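Worksheet: the structure to be examined is printed underneath.
FYI, side chains are in, hydrogens and waters are out, and symmetry mates aren't considered; it's all heavy atoms of this structure. All values reported here derive from a predicted model rather than from experimental measurement.
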Amino acid sequence: MNNTTIEERIYHFRTRNKWSQAELGEKIKEITGKSLGRDVISNYEKGRRKVPSELVPVLAKIFDISTDELFYKYPKVVAKSPTLQAIEESEKLAKKDIKEAYGKAIEALQQSKIEIQALRDQSASFENEMKRYKREAEDSQAVIDKIRKNLSM
């Protein structure tokens, strides 16, 4: 999955489950009691509206994923690491066939190199998102300051 924002991942998981935006809104209503129409879901997916933090665990439950998977480009890298699995297999194999275990260990190192690059990419993506959110917050504060100034006149 190459989706880099929570908005794109909501769209990804919704379409992966073959649900319409209205159907996702209904599933949210079943859990929260709060009705969200197709337009609200569309605005979340297109980034026109921020996804409320209290909706994150609800979406994770609906999609049957962890909350991390809504935020992170490479979910569960550590929890289900192919490298860790390969190392465990290599340790078992080393007791039987040391040459084959050595080969598996080399493969595990190559896999870890891929995972490290994925984590670097993920880190860069988070950094860019944080910069974007900071700019949006600064822009919002500027608007709030203008409104306050106009109201005090």
Considering residues, nucleotides and ligands other than Y102, do more than 12 of their heavy atoms fall under 6.0 Å from its OH? no
Sorted by chain and number, sequence neighbours left out, salt bridge (charged side-chain N to carboxylate O under 4.0 Å, His left out) with E7 holds for none
Within a strict 4.5 Å, meaning less than it, do heavy atoms of the V143 and D139 side chains meet? no
Taking side chain as C-beta onward, heavy atoms only, is L36 less than 4.5 Å from L24? no
Given side chains that start at C-beta, do those of N17 and D64 come closer than 4.5 Å, heavy atoms only? no
Would you confirm whether E8, through its side chain, and T5, through its main-chain N or O, come within 3.5 Å as a donor-acceptor pair? yes
Sub-4.5 Å side-chain heavy-atom contact between I31 and K61: yes
Check: L59 and I6 side chains under 4.5 Å, non-hydrogen atoms: no
Side chains of R9 and F63: does their closest heavy-atom pair fall under 4.5 Å? no
Residues pairing under side chain to side chain donor-acceptor pair (under 3.5 Å) where one sits in residues 144-153, two or more places apart or in two chains, turn out to be Q141-D145
Excluding sequence neighbours, so at least two apart, what forms salt bridge (charged side-chain N to carboxylate O under 4.0 Å, His left out) with E136? K50, R132
Going from NZ on K46 to CG on D39, what distance comes out if it is rounded to the nearest 0.5 angstrom? 11.0 Å
Measure the shortest side-chain to side-chain distance between K29 and K34 over non-hydrogen atoms and say whether it is less than 4.5 angstrom. no
Determine whether a donor-acceptor pair (N or O, by modelled atom type, separation under 3.5 Å) exists between the side chain of S125 and the backbone of D121. no
Between L70 and F13, is there a side-chain heavy-atom distance shorter than 4.5 Å? yes
Take atom OH in Y11; do more than 12 heavy atoms of anything else shown fall under 6.0 Å from it? no
With distance as the sole test, does R49 use its side chain to make a donor-acceptor pair with the main-chain N or O of N43 at under 3.5 Å? no
With salt bridge (Lys or Arg N to Asp or Glu O under 4.0 Å) as the criterion, how do E23 and K18 come out once you've worked through the C-alpha distance, each side chain's angles and the decisive distance to 0.1 Å? CA-CA 9 Å; E23 288 172 317; K18 298 181 175 126; over 6 Å; no
